[in-house]
Amino acid sequence: MSEINLVPSFSKSLFSGFILDELVFPFPLMNKDEEENVNMILDSIRKFCENYVDSAKFDKLEHFPEDVINGMKELGLFGLVIPEEYGGFGLSTTAYVRILEEVARYDGSMALIAGAHQSIGLKGLLMYGSEEQKKKYLPKLATGELLAAFCLTEPAAGSDAAGIKTRAVRDDKKGIYTINGNKMWITNGGIANFFTVFAKEELDIPGEGKKDKITAFMITRDMGIQSGKEEEKMGIHATSTTEIILDNVQVPVANVIGKPGKGFKIAMEILNTGRIGLAGGNVGGSKTALKYVLKHAKERHQFGRPLISFELIREKLAEMAMRIYIGESIVYLTTHLIDQGNIDFSLESAIGKALATEYLWINVNEAQQIAGGIGYSREYPYEQWVRDARINLIFEGTNEIMRIFIALSGIQERGEYLKKMGKALNDPIKGFGLLTDYAVHYMKERLTTERLPDVHPVLGQAKSAFEEWTKNLHITTERVLIKYGKKIIQKQIIQRRLADCAIDLYAMIAAISRTDHCIKTKSEAQCKRQILYCNTFCEQAWRRIRRNLLMIDKNNDDELLAIAEQVIEDGEYKI
Ligand SMILES: Cc1cc2nc3c(=O)[nH]c(=O)nc-3n(C[C@H](O)[C@H](O)[C@H](O)COP(=O)(O)OP(=O)(O)OC[C@H]3O[C@@H](n4cnc5c(N)ncnc54)[C@H](O)[C@@H]3O)c2cc1C
């Protein structure tokens with residue numbers, strides 16, 4: 001994987017006012033061969049889950065029975081993304097995520113075990129491993145004989161992953177590294193036997209001298225890795241989450257993934273792709289919650305009427321369904337970008353993660369609310385769904401970190417363009433081409449707006465809103481950059497607002513593209529639901545964007561921060 005020659009990100013470009021429509025139109029569909037293959041796998045997963053998966057029972061047991069794990073192995077659920085030559089199914093990201101979505105409809109913990117194994121646990125080997133390394137480990141990982149875990153987080157290094165303390169010391173004579181340190185919160189920690197571990201080693205960097213850099217290692221349990229006790233968690237009880245202890249663990253130099261010192265980049269790229277699997281699973285969870293609660297709302301009567309006859313219940317059901325449509329659209333647009341192999345999708349997968357996890361969180365809360373008192377009972381699945389859904393907003397990069405990442409990446413893209421302009425102004429002859437380009441774009445952006453290609457007229461308002469609010473995001477980004485310069489890094493509330501605008505814009509385009517494709521390949525009459533979802537969401541989205549952009553200048557951030565300052569000083573609520 002290399003960043004060189006990557007096609008720019010659709011969402012990053014929005015901050016500069018550019019609409020790279022060829023990346024998002026037409027909406028992608030799975031190719032026929034793969035779809036057939038996936039449908040066969042989905043059929044066997046459904047049969048297996050209906051017969052053997054009892055999510056409430058596993059929640060109480062706090063682990064999966066061995067026969068269920070064995071059944072998952074037999075289904076090939078651990079080898080979905082591993083190429084066929086190494087014994088896997090060799091599925092695309094789109095197909096893989098579709099399967100995770102289905103598994104999550106039955107049980108979130110089950111999707112997580114398979115996801116932690118493939119989306120992050122073995123992904124470093126898959127993306128950066130040598131042929132020799134792949135031949136050695138991938139066949140066993142494909143069958144589930146080896147189960148993988150991803151070990152980055154430490155007691156003092158969570159969101160700030162670069163701050164890890166685990167140390168690797170290389171002994172060239174013996175051809176080994178000795179690794180010491182503790183990892184925390186590791187999914188599959190107690191049951192895995194293949195660990196992707198990140199540790200710091202001292203390297204001699206040309207021109208910089210000796211520096212600590214992160215290196216990625218593949219470590220098997222027989223090398224001496226120990227697991228701590230199982231964490232007692234709020235939800236996803238059936239998954240194993242433990243500390244991982246590395247006490248003088250000796251790892252062959254041949255088990256370095258990629259190059260020494262490149263581990264941080266490897267970790268971030270693994271998470272960039274891994275996040276979209278989580279997003280897909282969350283869409284699956286939302287579908288189950290809606291289907292289940294709909295049945296209840298039809299059967300339960302109050303005031304002599306079924307719950308579904310009340311407007312406030314209908315509003316919740318409608319919003320839940322719309323969130324699923326938007327979640328699906330974002331997830332499958334993004335997996336397509338990932339499958340292209342040469343497109344920068346880092347922002348889109350962060351958007352997918354943040355949005356799909358928040359949608360599931362809202363959806364299971366709404367389902368619980370519609371269920372009323374029984375929603376709070378352990379006899380029904382709602383409370384488990386709420387407990388299980390909560391973690392998604394925290395791991396694989398918290399949603400706050402996602403928003404900071406989205407905003408700063410977008411701003412940086414624009415900032416670099418402006419910096420180039422600054423240089424061009426210092427040397428106008430050399431920079432003439434750039435200046436004319438800028439002048440043309442500047443004039444264009446003031447006089448006109450970047451346009452989307454033609455979409456079906458029934459989506460006309462959504463299209464115009466997307467174009468107009470992209471332009472406004474760009475103008476505001478530029479204004480913010482000029483006003484704050486580098487200080488923008490400290491302005492997290494502004495960053496959050498800009499990120500929320502980018503999230504809404506990407507969600508709008510995903511829905512517009514998907515709905516347009518539906519109409520063009522079927523007919524307007526056959527896509528009535530999609531049109532309704534798309535247009536209703538886009539209307540809500542542009543109003544949120546307008547509010548967020550207005551609040552960049554007119555807000556009470558200073559007052560809020562003053563309250564925070566006061567509370568922090570008081571150490572409690574005081575009046
Ligand atoms: C059940 C579970 C499973 C997990 N599985 C794995 C795994 O398999 N592998 C692995 O490596 N890790 C795993 N994790 C760890 C997980 O990724 C971290 O918990 C997560 O990254 C957050 O780190 P932290 O817990 O240290 O929180 P902190 O980093 O301390 O964050 C605490 C709060 O502060 C906010 N915050 C932090 N920095 C900033 C900032 N700069 N600006 C604004 N707000 C900020 C965060 O958003 C959060 O709300 C798992 C965690 C759990 C609970």
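Just so you know, residue 1 is the first one in the sequence shown, and it goes up from there. Quick caveat, the model's predicted, so the values are computed rather than measured. Read the numbers this way: they start at 1 and go in the same order the structure lists the ligands and their atoms.
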My question is simple, although I want it checked carefully: is atom 3 (C) of ligand 1 less than 4.0 angstrom from any protein heavy atom? yes
D557 and K491: CA distance, side-chain angles, deciding distance, salt bridge (Lys or Arg N to Asp or Glu O under 4.0 Å) verdict: CA-CA 10 Å; D557 295 354; K491 295 278 175 194; over 6 Å; no
Using distance alone, decide if ligand 1 has a nitrogen or oxygen within less than 3.5 Å of any nitrogen or oxygen in K233. no
Which atoms of ligand 1 sit under 4.0 Å from any heavy atom of I394? 20 (C)
List the steps and the verdict of salt bridge (Lys or Arg N to Asp or Glu O under 4.0 Å) for E101 and K287. CA-CA 9 Å; E101 184 199 316; K287 287 181 181 175; 2.5 Å; yes
Atom 8 (O) of ligand 1: nearest protein contact (heavy atom, Å): T187 N, 3.0 Å
Using 4.0 Å as the upper bound for N to carboxylate O, is an ion pair formed by R544 and D504? yes
Under 4.0 Å from atom 25 (O) of ligand 1, can you find at least one protein heavy atom? no
A student comparing L152, L271, L393, T398 should find that the heavy atom closest to atom 47 (O) of ligand 1 comes from T398
among protein heavy atoms, the one nearest atom 14 (N) of ligand 1 is W185 O, 3.3 Å
Would you say atom 50 (C) of ligand 1 makes contact with the protein, given that contact here means a non-hydrogen protein atom less than 4.0 Å away? yes
Among A192, A161, G189, S159, which one puts a heavy atom closest to atom 29 (O) of ligand 1? S159
Crowded around R479 CZ? As in, over 12 foreign heavy atoms under 6.0 Å? yes
Would you call E396 and R275 a salt bridge, using N to O less than 4.0 angstrom? no
Does an N or O from F150, backbone or side chain, lie closer than 3.5 Å to an N or O of ligand 1? yes
Between the side chains of E348 and S11, does any donor sit under 3.5 Å from an acceptor? yes
Any protein heavy atom nearer than 4.0 Å to atom 33 (C) of ligand 1: no
Counting N and O atoms only, with roles assigned by atom type, does the side chain of T196 sit under 3.5 Å from a partner on the main chain of F150, one being a donor and the other an acceptor? no
Backbone, side chain, both or neither: what part of I391 comes under 4.0 angstrom of ligand 1, heavy atoms only? side chain
Could you tell me the residue and atom name of the protein heavy atom closest to atom 15 (C) of ligand 1, and the distance to it rounded to 0.1 Å? T153 OG1, 3.2 Å
So among I330, L278, T334, which one has a side chain to side chain contact (heavy atoms under 4.5 Å, CB included) with S349? T334
Atom indices of ligand 1, in the order listed, that fall short of 4.0 Å to a heavy atom of I404: 42 (N), 43 (C)
Could you check atom 39 (C) of ligand 1 against the protein and tell me its nearest heavy-atom contact, residue, atom and distance included? I401 CD1, 3.8 Å
With distance as the sole test, does D339 use its side chain to make a donor-acceptor pair with the main-chain N or O of T94 at under 3.5 Å? yes
Applying side chain to side chain contact (heavy atoms under 4.5 Å, CB included) between K183 and each of T153, I164, I245, report the one that passes. I164
Heavy-atom nearest option to atom 23 (O) of ligand 1, drawn from G158, G235, G163: G158
Who gets closest to atom 42 (N) of ligand 1 by heavy atom: E154, E400, Q492? Q492
How does T239 reach ligand 1, by side chain, by backbone, by both or by neither, if only non-hydrogen atoms under 4.0 Å count? neither
Would you say that D500 contacts R403 through its side chain, given a criterion of any heavy-atom pair below 4.5 Å between the two side chains? yes
